[in-house]
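Owing to the predicted nature of the structure, the values given are computational and were not obtained by experimental measurement. Keep in mind that the numbers below use all heavy atoms, side chains included, and drop hydrogens, waters and symmetry copies.
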Amino acid sequence: MSSRAAAKPKPTDHQADRPARVLAWYDRHRRKLPWRAAAGELADPYRVWLSEIMLQQTTVRAVGPYFEKFVTRWPDVSALGRASLDDVLRMWAGLGYYSRARNLHACAVAVLRDHDGMFPDTEEGLRALPGIGPYTAAAIAAIAFDRCTMPVDGNIERVVSRLYAIEEPLPQAKPLIQQMAATLLGPSRAGDSAQALMDLGATICTPKKPACALCPLNDDCAARRRGDQETFPRKAPKKSGTLRRGAAFVVTRGGELLVRSRPDKGLLGGMTEVPGSEWHAGQQDDAALAQAPALKGVARWHRKAGVVSHVFTHFPLELVVYTASVPARTRAPDGMRWVPVATLDGEAFPNVMRKVIAHGLDL
DNA sequence: CATTCGTGGCC
DNA sequence: TGGCCAAGAAT
């Protein structure tokens, strides 16, 4: 046969070939991850679910140790569903987005109570559970139950928006990207197709300096042909938050620290903190001292030099730290309690509070 | 649809 | 070093 013409498939054929090429790449280059099954096997739904919740907006590196801690202590969804919420929050502390931990626990309880300890095996059934949105439902359905669906995460958004040079910015482009991503589903192995695109996005089609030479879709990629692949996906500009200030009070009673729990909902919901002022934009440092907890043993507060700085997703924060030491048997104010400094590592402190305590105690 | 939710790593 | 980014969900 005439080699040139025959070796160059028609565009439609090339497009139809993509799912198989992506899977072939995956079979050679897939990452080994703790929650993944061996090649050719379906993964444990519990491990897939747990990993997917942890991986929401969180890097594989950060998740690794937490995943191992969780599956060691709670090997299946029944064990997790019988655990206390406080234990789950303590185990989750440091990983961020704490409503995920609350929903994780609520989901395990619901699976135990409403589904006889078995995860639903459809997108619709999964979607109805707490903490499982459209992405996670599709991911579990495809990866754990071999359902023919394409979950679209940040990696796949990037791969697909480059492949088709989609000019519409996120998040408006989500429906279009979902539609185009589905064209990369073949007749089988939906879960592997999804994980292949995620691995491709994580290791080849990276946000900066993508390694296009190694990509199984490089000849198909519209953005690469234009030479501006790094500029995809297009995104609407985000506004940065205003600096907020406040005060935190590190009170010790011998080897104990005064703490309280934050409200269940909202920022750092349900997590432990040292007492503090509210956080406001434009607030002066000394004004916050008026919100110090009333303790009889406090003769005077010592203001630590400097501030503790922390950046949340939607605003930066500066906290002034005041310290005081009170006599033994001083009562904790209503809603507060004493915890031994020696066991602070086991408490449900978010990182901003760990910074505050380290600053206040000179750790 | 826009906002609110953490944290660590990267350049 | 400040902004960006990471397997999104809930409201």
Quick one: do Glu41(A) and Arg189(A) make a salt bridge, cutoff under 4.0 Å?
no
Give one of base, sugar-phosphate or nothing for Ile156(A), where a contact means two heavy atoms less than 4.0 Å apart.
nothing
For the pair made of CG in Leu95(A) and P in dT7(B), what is the distance, rounded to whole Å?
10 Å
Would you tabulate the nitrogen or oxygen pairs shorter than 3.5 Å linking the protein to nucleotides 2-6 of chain C?
residue	atom	partner	partner atom	Å
dA6(C)	OP1	Arg158(A)	NH1	2.3

Does Pro151(A) reach a base, just sugar-phosphate, or nothing at all? Heavy atoms under 4.0 Å.
nothing
Check the surroundings of atom CD in Glu167(A): do more than 12 heavy atoms from other residues, nucleotides or ligands lie under 6.0 Å from it?
yes
On DNA chain B, compare the nucleotides closest to Arg61(A) and Gly269(A); which residue's is nearer the 5' end?
Gly269(A)
Non-neighbouring partners of Glu278(A) that pass salt bridge (Lys or Arg N to Asp or Glu O under 4.0 Å), sequence neighbours left out
none
Provide, to the nearest angstrom, the distance between the CG atom belonging to Leu104(A) and the P atom belonging to dA9(C).
14 Å
Atom pairs under 3.5 Å: protein N/O with N/O of nucleotides 1-3 of chain B:
residue	atom	partner	partner atom	Å
dT3(B)	OP1	Lys239(A)	NZ	3.1

Checking salt bridge (Lys or Arg N to Asp or Glu O under 4.0 Å) for the pair Lys209(A)/Glu230(A): CA distance, chi angles, key distance, verdict?
CA-CA 7 Å; Lys209(A) 309 281 185 181; Glu230(A) 272 194 45; 5.0 Å; no
For the side chain of Val60(A), starting at C-beta, report the closest nucleotide among dG6(B), dA7(C), dG8(C).
dA7(C)
Classify the nucleic acid contact of Val63(A) as base, sugar-phosphate or nothing, counting any heavy atom under 4.0 Å across all strands shown.
nothing
Does His105(A) reach the main-chain N or O of Ala83(A) with its side chain, forming a donor-acceptor pair under 3.5 Å?
yes
Is a donor-acceptor contact shorter than 3.5 angstrom present between the side chain of Arg31(A) and the base of dA7(C)?
yes
Between atom CH2 in Trp279(A) and atom P in dT4(B), what is the gap in whole Å?
15 Å
How would you label the contact of Leu33(A) with the nucleic acid (heavy atoms, under 4.0 Å): base, sugar-phosphate, or nothing?
base
Between Arg337(A) and Ser261(A), does any side-chain donor sit less than 3.5 Å from a side-chain acceptor?
yes
Residue from Arg21(A), Arg225(A), Arg162(A) passing salt bridge (Lys or Arg N to Asp or Glu O under 4.0 Å) with Asp220(A)
Arg21(A)
Side chains of Thr183(A) and Gln15(A): do they bring a donor and an acceptor to under 3.5 Å?
no
In terms of relative ring orientation, are Tyr46(A) and Phe119(A) parallel, tilted or perpendicular, with 30° and 60° separating the classes?
tilted
Answer yes or no: does a side-chain N or O of Arg127(A) lie under 4.0 Å from OP1 or OP2 of dA10(C)?
yes
Tell me what Gly266(A) touches on the nucleic acid: a base, only sugar-phosphate, or nothing, going by heavy atoms under 4.0 Å.
sugar-phosphate
Length of the line joining Gln56(A):CD and dC5(B):P, which is rounded to integer Å:
17 Å
Separation of dG6(B) C1' from Phe315(A) CZ (nearest whole Å)
10 Å
On a whole-Å scale, what distance lies between the P atoms belonging to dG6(B) and dT1(C)?
26 Å
Taking 4.0 Å as the cut-off, does a side-chain nitrogen or oxygen of His314(A) come that near to OP1 or OP2 on dC5(B)?
yes
What's the closest nucleotide to the side chain of Pro134(A) if the choices are dG6(B), dA7(C), dA9(C)?
dA9(C)
Quickly work out the Met54(A) CE to dA7(C) C1' distance and round it to whole Å.
13 Å
Ser51(A) near the nucleic acid: base, sugar-phosphate alone, or nothing, with a heavy-atom cut-off under 4.0 Å?
nothing
Starting the side chain at C-beta, find the nucleotide from dA7(C), dA10(C), dC5(B) nearest to Trp35(A).
dA7(C)
Please give the distance between the C1' atoms of dG8(C) and dC1(B) as a whole number of Å.
16 Å
What's the CE-C1' distance between Met198(A) and dG8(C), to the nearest Å?
12 Å
Does dG6(B) have its OP1 or OP2 closer than 4.0 Å to a side-chain nitrogen or oxygen of His310(A)?
no
Sugar-phosphate, base or nothing in reach of Trp92(A), heavy atoms under 4.0 Å
nothing
Modelled atom types, side-chain donor and acceptor of Tyr135(A) and Gln56(A), under 3.5 Å:
no
Using atom CZ of Arg100(A) as one end and atom C1' of dC5(B) as the other, report the distance to the nearest whole Å.
10 Å
On DNA chain C, nearest-nucleotide positions of Gln195(A) versus Lys265(A): which is more 5'?
Gln195(A)
If you count the non-hydrogen atoms of other residues, nucleotides and ligands that lie under 6.0 Å from CZ in Arg331(A), is the total more than 12?
no
